[in-house]
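Structure first, commentary second.
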Protein chains: 2
Amino acid sequence: MRKSSKRKTMRLLDTIERLRAAGLRPTRQRAALAGLLGSEHRHISAESLHREAAKAGVPVSLATVYNTLHQFTEAGLLREVAISAGRSYFDTNTGDHQHFYCEESGELVDIPGNAIVVDGIPGPPKGTAIDRVDVVVRIRRN
Amino acid sequence: MRKSSKRKTMRLLDTIERLRAAGLRPTRQRAALAGLLGSEHRHISAESLHREAAKAGVPVSLATVYNTLHQFTEAGLLREVAISAGRSYFDTNTGDHQHFYCEESGELVDIPGNAIVVDGIPGPPKGTAIDRVDVVVRIRRN
DNA sequence: TCAACAGATTAGAACAATTCTAAAATGAAT
DNA sequence: ATTCATTTTAGAATTGTTCTAATCTGTTGA
């Protein structure tokens, strides 16, 4: 067995464990998608992941990609980043951080959470609690 | 002439002046929509403004509502607030401020700009400049 | 005042992103 | 192996938005 193959196998087992831990049945498709998401932090859309899966020879329906992304998000494996109407990203980095967003290219760039500080947020309206604070720094080429 | 009618007329003239000043031809529809947007600060969607116009007896096509909202935004009369895929708001308050967003109700609540402070934003990627910093404080009922 | 034309509006088609549906397939537990 | 709940799937449906080509309206200048 070659090294790369062995590594792949170990990653797969890992993935299956993580799915189980998240309370998700480790199906073929979920494991494949989790594998594609990989360990490096990335910003993906449903469409782009669907294309990637197809390219990797894992035929998954677009509906399943959407289902899976939402389940992963609920399970805390992903974070959804709202940018603009009709443009939704999923971020494999669920830790504390924010984003630059380039209006022209549509690209996201991370801002480490320890860099940015938001201060002076008033108490939330009665009967509600703060869930998360999202900062999007919109940038333009010049 | 009744008081309310006089007030209405004055507002209309005002509106027309503001449109001209923004370099927009003061058409029936633009004046009507600008009038509906009124002077109090509000958060609206294209759909909601379209419904309002219909209810007020001003038949405007949805396409015109979209066109007008975008033109007003470009002219600096409105600010667009991106909340989530498939949910875009226009804010009649173009001054410095941010928002609470209630995940459950979809409502926006203003946070005065003088309250909130964002610090420690790193220099933007090479070749780009910061256009705007958007803060969305996501809240949930409890 | 009105003719002419650029610019604006319109209904409806087209489009993009996402969700729904009902049927077929699969994983887990006997 | 059989069963059953869960998952996947293709394709239809929905939603929000933009496009298109025809029609209409402000504005300008004769």
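Letters go in sequence order (proteins before strands), and every chain restarts at 1. Keep in mind that the numbers below use all heavy atoms, side chains included, and drop hydrogens, waters and symmetry copies.
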Between [X] and [Y], does at least one N-O distance fall below 4.0 Å, as a salt bridge requires?
X        : Y        : answer
A:Glu103 : B:Arg132 : no
B:Arg42  : B:Glu52  : yes
A:Asp131 : B:Arg141 : no

Within the 4.0 Å heavy-atom criterion, would you say [X] contacts the bases, only the backbone, or no part of the nucleic acid?
X       : value
A:Thr64 : base
B:His50 : nothing
A:Ser45 : nothing

Write down the atom of B:Thr15, the atom of B:Ala34, and the distance for their closest heavy-atom approach.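 Closest approach of B:Thr15 to B:Ala34: CG2-CB, 3.4 Å.
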
OP1 or OP2 of [N] versus the side-chain N and O atoms of [X]: is any pair under 4.0 Å?
X       : N      : answer
B:Tyr66 : D:dT18 : no
B:His70 : D:dT18 : yes
B:Gln29 : C:dT10 : yes
A:Arg20 : C:dA28 : yes
B:Ser88 : D:dG16 : no
A:Arg25 : C:dT26 : no

May I have the distance from [X] (atom [atom1]) to [N] (atom [atom2]), rounded to whole angstrom?
X       : N      : atom1 : atom2 : result
B:Leu69 : D:dT18 : CG    : P     : 10 Å
A:Leu62 : D:dA13 : CG    : P     : 17 Å
B:Leu33 : C:dA8  : CG    : P     : 14 Å
A:Asn67 : C:dA17 : CG    : C1'   : 15 Å
A:Leu19 : D:dT6  : CG    : C1'   : 15 Å
A:Arg51 : C:dA16 : CZ    : P     : 12 Å
B:Leu24 : C:dG7  : CG    : P     : 13 Å
A:Phe72 : D:dT7  : CZ    : C1'   : 13 Å

Among D:dT9, C:dT9, C:dG12, the one nearest B:Ala63 by side-chain distance: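 Selected nucleotide: C:dG12.
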
Nearest to the B:Arg30 side chain among C:dT9, D:dC19, D:dT17, which nucleotide is it?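 My answer, after comparing the listed nucleotides, is C:dT9.
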
Looking at B:His97 versus B:His99, is the centre-to-centre ring distance below 6.0 Å?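 Close enough - the centres of the two rings lie under 6.0 Å apart.
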
Nearest nucleotide by nearest heavy atom, which residue falls closer to the 5' end of DNA chain C, A:Glu47 or A:Arg28?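 Result of the comparison: A:Glu47.
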
